[in-house]
Amino acid sequence: MPKTLIILLGPTGVGKTDLSIDIASYFQTEIISCDSRQIYREMNIGTAVPDTKTLKTIPHHFIRSHSIHDYYNASKFETEALERLEQLFRQRDIVIMTGGSMLYIDALCKGLDDLPNVDQQLRQSLMKRMETEGIANLLNELRELDPDYYKVVDLKNPKRILHALEICLMTGRPFSSFRTNPSRKRPFKILKIGLNCDRAVLYNRINQRVDKMFEEGLEEEVINLYPLRHLNSLNTVGYREIFDHIDGTITLDEAREKIKANSRKYARKQLTWFRRDPEITWFTPGMKDEIIATINQHLNQEGQ
RNA sequence: GGUGCCAUAGCUCAGUCGGUAGAGCAACGGACUGAAAAUCCGUGUGUCCCUGGUUCAAUUCCAGGUGGCACCA
């Protein structure tokens with residue numbers, strides 16, 4: 001039987017966690033989380049990590065496994081998750097991956113270009129230049145160093161400009177020369193199961209989940225993290241809005257409403273990304289039996 | 001009961017000296033390869049409260065009605 005990774009994906013709040021537990025129990029396997037924020041052990045309430053009881057029922061990987069102090073990115077996830085999968089597949093044929101971090105999913109399925117990790121000091125100095133000189137000088141520099149990328153990059157997107165410059169400066173090569181779009185082969189089959197539901201229902205679930213987070217003490221969690229607010233990992237829905245409230249720019253109630261709105265926006269953005277992926281088979285969260293049937297059917301086909 | 005003010009997008013409101021209207025937020029769509037819950041781009045979705053009058057033409061002016069708010073009783 002070929003090794004198969006079943007990926008359960010969908011917008012935030014749709015019900016991936018609960019279903020992933022059911023599916024993992026049914027196939028008696030473990031879960032790889034694919035969530036760029038649940039990976040941090042210092043963040044709990046605001047990232048909606050599964051509760052400890054759930055985590056004990058089914059072994060989870062990449063949940064609360066890293067620190068917000070560590071620099072992390074999609075490429076690291078690709079490397080680490082592939083290693084972990086190799087270990088897991090030694091003992092089992094099926095592993096579940098669940099989460100909504102789009103780039104992380106794609107990184108694991110198709111791989112990223114072979115680039116050096118960004119030097120954080122260089123990043124800091126470029127960010128400072130962007131602040132003091134404005135983006136125009138950096139754009140000119142990029143046009144010099146990598147005219148090809150300059151032609152295709154979104155010139156209004158500072159992060160894209162900065163990253164391209166970082167790579168040019170670090171390697172002495174144009175950033176575009178690294179962009180080969182590898183689409184690597186993986187030593188296992190992949191089945192993508194998408195979860196979605198009626199938009200109004202989804203928004204309701206998201207809004208209620210935010211209220212629940214506040215009941216569970218989100219404000220206190222964020223207050224404790226306030227001194228670390230500059231960390232990238234804390235540039236996150238549910239955290240930055242409360243940072244703003246601590247700064248006194250908005251009321252706590254406004255922060256709560258903004259968290260809801262930004263979560264809804266995030267869900268929409270996820271759907272936009274997933275929509276263009278033709279490999280996804282879509283279900284609603286209640287279709288547990290149909291999903292298991294689809295997986296079994298897929299496994300049988302692959303087995304022949 | 002009387003007087004005054006208000007009624008325009010899902011919400012808060014602007015505006016049209018009479019030629020069927022626009023901001024913010026929300027909503028909706030898109031991009032995306034090492035910061036991705038990040039970052040960036042795009043879209044106005046409307047019985048202008050109702051009925052009548054004046055007018056070539058009324059969301060706009062006039063009258064009445066309805067609803068809301070305030071004050072006086």
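Letters A, B, ... are given to chains in the order of the sequence lines, protein chains preceding strands, and every chain is numbered from 1. Keep in mind that this is a model prediction, so the values were computed, not measured.
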Using a heavy-atom cut-off of under 4.0 Å over every strand shown, decide if A:Pro158 touches base, sugar-phosphate, or nothing.
sugar-phosphate
Ignoring backbone atoms, test whether A:Asn73 places a side-chain nitrogen or oxygen under 4.0 Å from the OP1 or OP2 oxygen of B:rU33.
no
Check every strand shown and say whether A:Lys110 touches a base, only sugar-phosphate, or nothing at a heavy-atom separation below 4.0 Å.
nothing
What's the closest nucleotide to the A:Tyr203 side chain, out of B:rU33, B:rA26, B:rC28?
B:rC28
B:rU39: pairing nucleotide in any strand, Watson-Crick or G-U under 3.5 angstrom:
B:rA31
Are any of the side-chain nitrogens in A:Arg84 or A:Glu30 under 4.0 Å away from the carboxylate oxygens of its partner?
no
Using a 4.0 Å heavy-atom cut-off, does A:Arg240 contact any base of the nucleic acid, only the sugar-phosphate backbone, or nothing at all?
sugar-phosphate
side-chain N/O A:Lys269 vs B:rC32 OP1/OP2, d < 4.0 Å
no
Looking only at side-chain N and O atoms, does A:Arg199 come under 4.0 Å of OP1 or OP2 in B:rC28?
yes
Answer with base, sugar-phosphate or nothing: what part of the nucleic acid does A:Phe77 contact at a heavy-atom distance below 4.0 Å?
nothing
Remember a base hit wins even if backbone is also touched, and classify A:Asp106 as base, sugar-phosphate or nothing at under 4.0 Å, heavy atoms.
nothing
Can you find a side chain N or O atom of A:Thr272 that sits less than 4.0 Å from OP1 or OP2 on B:rG30?
yes
Quick one: is B:rC32 close enough that its OP1 or OP2 comes under 4.0 Å of any side-chain N or O from A:Arg160?
no
Using heavy-atom distances to pick each residue's nearest nucleotide on RNA chain B, tell me which of A:Arg268 and A:Arg209 is more 5'.
A:Arg268
Between B:rA36 and A:Tyr104, is there an OP1 or OP2 to side-chain N/O distance shorter than 4.0 Å?
yes
Within the pair A:Asn262 and B:rA26, is there a side-chain N or O less than 4.0 Å away from OP1 or OP2?
no
Looking for any heavy atom pair under 4.0 Å, which part of the strands does A:Asp35 touch: base, sugar-phosphate only, or nothing?
base
How would you label the contact of A:Asp119 with the nucleic acid (heavy atoms, under 4.0 Å): base, sugar-phosphate, or nothing?
nothing
Interatomic spacing from OG1 in A:Thr47 to CG in A:Leu218 - rounded to 0.5 Å
9.5 Å
Quick one: label A:Thr236 by what it contacts on the DNA or RNA (base, sugar-phosphate, nothing), any heavy atom closer than 4.0 Å.
base
Any side-chain heavy-atom pair from A:Lys76 and A:Asn117 closer than 4.5 angstrom?
yes
Hey, what's the ring geometry for A:Phe188 with A:Phe89, parallel, tilted or perpendicular (30° and 60° as the breaks)?
tilted
Write down the distance separating the C1' atoms in B:rU47 and B:rU43, rounded off to the nearest Å.
23 Å
Please give the distance between the P atoms of B:rA21 and B:rU16 as a whole number of Å.
14 Å
Counting C-beta onward and ignoring hydrogens, is there a side-chain heavy-atom pair between A:Ile105 and A:Met97 closer than 4.5 Å?
yes
